[in-house]
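Report on the following structure.
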Amino acid sequence: MTLSIAIAGAAGRMGRALIRAASDDPRFEICGGTERREGQFFGADLGALAGLAPLFMTTSDAADHAAERADVWIDFTTPDATLHALDMLRGTSTRAAIVGTTGFTAEQEAQVAEHAKRIAIVRSGNFSLGVNLLAALVEQAASKLGAGWDIEITEAHHRRKVDAPSGTALLLGEAAAHGRGNRLNELRLPPYDGVTGARPESKIGFSVIRGGGIVGEHDVRFAAEREVLTFSHQALDRAVFADGALAAALWAAEQPAGLYSMRDVLGL
């Protein structure tokens with residue numbers, strides 16, 4: 001059985017990667033994609049956007065039109081655009097959504113959760129297999145190592161990324177906080193700047209690097225007085241995120257309404 005997917009932001013870096021990945025996999029059929037009407041790629045052929053042969057299907061500015069025949073909606077855009085698209089999907093038969101958008105506020109998170117009462121939504125700050133295994137290891141380490149081990153998360157991305165820390169860094173922070181029996185908002189340190197005083201115990205710190213074309217690098221460091229343990233992941237190609245999102249789409253299409261993560265998809 002072929003799964004029909006529609007892709008938000010089809011001309012973006014992730015949109016193009018998703019088109020290429022889905023076009024190479026006979027389990028998927030691309031049935032639509034969106035772009036802003038005022039953008040240069042509105043009305044462009046989806047195949048041509050990804051450097052492939054024409055698919056004879058052009059971008060739309062309306063999610064409900066792009067997803068008219070879609071089983072699954074895949075969205076790696078912006079918080080406002082994602083929420084608007086989820087609203088518009090109410091009028092379609094789309095039964096699941098894969099959301100890789102980052103930078104949601106707490107209020108917007110609640111809106112995503114509300115949409116998950118009617119369709120299956122897999123939401124993650126990172127869809128790579130390696131990163132999600134890393135998160136599981138970080139949670140385990142945090143649960144075993146005491147408060148004397150400081151946790152610092154460093155992430156690096158390309159110069160065009162607009163939110164910081166990255167969704168992946170926050171995902172890893174949540175894993176570390178959960179390992180310590182708490183929520184990240186209770187343990188997260190503010191950015192280091194100026195005279196900050198001594199580092200408080202049990203907290204989780206973040207450092208951010210932006211530059212060039214870095215796809216994604218993440219380190220989680222557990223530092224004690226006499227030793228340091230570091231977990232690290234480096235993404236070499238954006239295709240790893242597209243592959244993970246498509247795996248999530250196959251899984252989500254068979255699930256009841258609810259809010260899921262890649263840990264659910266991978267059975268971690």
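All residue numbers refer to positions in the sequence shown, counting from 1.
Defined by atom type and a distance below 3.5 Å, a donor-acceptor pair is present between the side-chain atoms of T82 and T77. Using modelled atom types, one finds no donor on one side chain facing an acceptor on the other under 3.5 Å when comparing T78 with D80.
Side-chain contact check for F104 versus R123: some heavy-atom pair is nearer than 4.5 Å. Looking at F56 and L46, their side chains never come closer than 4.5 Å, going by heavy atoms from C-beta outward. The closest side-chain heavy-atom distance from F28 to L246 is below 4.5 Å.
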Could you please spell out the steps behind the side-chain hydrogen bond (donor to acceptor under 3.5 Å, both in side chains) verdict for T154 and D219?
CA-CA 5 Å; T154 302; D219 294 331; 5.6 Å; no
Could you walk me through whether T102 and D163 pass side-chain hydrogen bond (donor to acceptor under 3.5 Å, both in side chains), step by step?
CA-CA 8 Å; T102 59; D163 59 309; 2.8 Å; yes
Between H115 and D87, does a side-chain hydrogen bond (donor to acceptor under 3.5 Å, both in side chains) hold up when you go through it step by step?
CA-CA 8 Å; H115 284 291; D87 276 333; 3.3 Å; yes
Checking E29 against T2 for the side-chain hydrogen bond (donor to acceptor under 3.5 Å, both in side chains) test, could you report, in this order, the C-alpha distance in whole Å, the side-chain angles of both residues, the deciding distance, and whether it holds?
CA-CA 6 Å; E29 175 197 4; T2 302; over 6 Å; no
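No donor-acceptor pair closer than 3.5 Å links the side chain of E254 to the backbone N or O of W251. The closest donor-acceptor contact from the side chain of T230 to the backbone of V220 lies at 3.5 Å or more, if one exists at all. With hydrogens and angles ignored, the 3.5 Å screen pairs a side-chain donor or acceptor of R16 with a backbone N or O of A11. The main-chain N or O of A70 is found under 3.5 Å from a side-chain atom of T94 such that the two form a donor-acceptor pair.
Taking each heavy atom of A67 and W73 in turn, the nearest pair found is CB-CE3, 3.8 Å.
Exactly one of K203, R199, R221 qualifies for a salt bridge (charged side-chain N to carboxylate O under 4.0 Å, His left out) with D150. That residue is R199.
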